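Keep in mind the model is a prediction, meaning the values are calculated, not measured. Just so it is clear: chains get the letters A, B, ... in the order the sequence lines come, proteins before strands, and each one is counted from 1.
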Amino acid sequence: MPELAEVEFERHRWSVGLGLAVSRVVLDEAAQVFRDTDPRALRRSLRGVTLTGSEARGKQICFRFGSDLWLGVHLGMTGELFVAPPGHARRKHEHLLLETAAGCLGFRDPRRFGRVRFARGAEEPDWWRAIPPGITSDAFTRARLAEGCARRARSPLKALLLRQDLFPGVGNWMADEVLWRAGLHPRRRAGSLDSEELGRLFRELRFVARGALRSVGASGGDPPRGWLFWVRWKDGGICPRSGVTLVRETVGGRTTCWSPGVQPEPGGRPPRTL
DNA sequence: TCCTATGTTGTATG
DNA sequence: ACATACAACATAGG
């Protein structure tokens, strides 16, 4: 599930434990998701401390415990957070459990592409501090977008949008959604956009990020009706804007869905509308 | 059985 | 330096 908005929703699940102490830590030391940390130190450190806050940046989540503990969670492809009744015993694919008075805060990830990080210190750890400004923040400017496009001028837009160092939180469906709304073909080279196209890309990046956060991010449901999201998953989908049959093929190494009706082929024929 | 999957990382190659 | 292709990680579901 996890792109920007899903990640934000998952983060919020653990909010029932805010202000509560961790009475028990259960984890699978050998689990792949702990490959970047010391799970035993994590277990020792978290027992007895209080969940004091959390924040999501792009696809990363950081939970704060006490005043100097940082627990990073990346959900990978199939990770999710959950709350189970107190006393919950660890089940298949559940890698971390934090018992609180409000329930058991859990992290589950069948495919184990996710990861858990852990640090102690007054300052933000590197893996957290290094995440660039979010798309919906004031620091994400049109100039910043233009600079990214210039630096990766030969990259297809689809590949560019998936870069977490430029567009934190954007994943496969959001990238397709943005390009579709902006009327830009996923194979367009990032350096080929004129000023007007750059403006559309900027506007739709923010629109999709905000719209996803308001819907999926707030309630855990689905994006608004009319979004490409609803028709992009299977062959034979119809473009909600032009009525033409959508195309699905690999761009930038990922399955990509685009509409010949509103996204003209680079250097190709003009868009066809019904 | 084969294919696909909302992600990331490493290697080989151009 | 940059980009691409591919495999790898590991599991579930159609």
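In this structure the side chain of A/R181 reaches within 4.5 angstrom of the side chain of A/R241, judged on heavy atoms.
Separating the P atom of C/dC6 from that of B/dT4 is a span of 13 Å, rounded to the nearest Å. Taking the P atoms as reference points, C/dA7 lies 16 Å from B/dC2, given to the whole Å.
If you check C/dA3, C/dA10, B/dT8 against the side chain of A/R111, the one that comes closest is C/dA10. The side chain of A/M77 approaches B/dA5 more closely than any other nucleotide in the set C/dA12, C/dT4, B/dA5. The side chain of A/N172 approaches B/dT6 more closely than any other nucleotide in the set C/dA10, B/dT6, C/dC2.
Salt bridge A/R11/A/E8: present, at least one basic N to carboxylate O contact under 4.0 Å. In summary, A/E29 and A/R43 engage in a salt bridge, as defined by a charged side-chain N under 4.0 Å from a carboxylate O.
A/F202 and A/F140 have parallel rings, their planes meeting at less than 30° on a 0 to 90° scale where 60° marks the start of perpendicular.
Counting non-hydrogen atoms under 4.0 angstrom, A/K92 reaches the backbone sugars and phosphates but no base.
Here B/dG7 presents its C1' atom at 9 Å from CD of A/E3, a figure rounded to the nearest Å.
Considering A/R254, A/R248, A/K158 in turn, A/K158 is the only one that fulfils the salt bridge (charged side-chain N to carboxylate O under 4.0 Å, His left out) rule with A/D176.
When each of A/R154 and A/W233 is assigned the nucleotide of DNA chain B with its nearest heavy atom, A/W233 is the one assigned upstream, toward the 5' end.
Under the ring-ring contact (aromatic ring centres under 6.0 Å, His included) criterion, A/F34 pairs with no residue, sequence neighbours left out.
Listed pair A/R115 / B/dT8 fails the phosphate criterion, with no side-chain N or O lying under 4.0 Å from OP1 or OP2.
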Starting at the 5' end of DNA chain C, what dot-bracket string do you get if Watson-Crick and G-U pairs under 3.5 Å are bracketed, crossing pairs use [ ], other-strand pairs use | and unpaired bases use dots? .||||||||.||||
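Applying the 5.5 angstrom centroid cut-off and the 30 degree plane-angle cut-off, the aromatic ring of A/F113 is not stacked upon the base of B/dT8.
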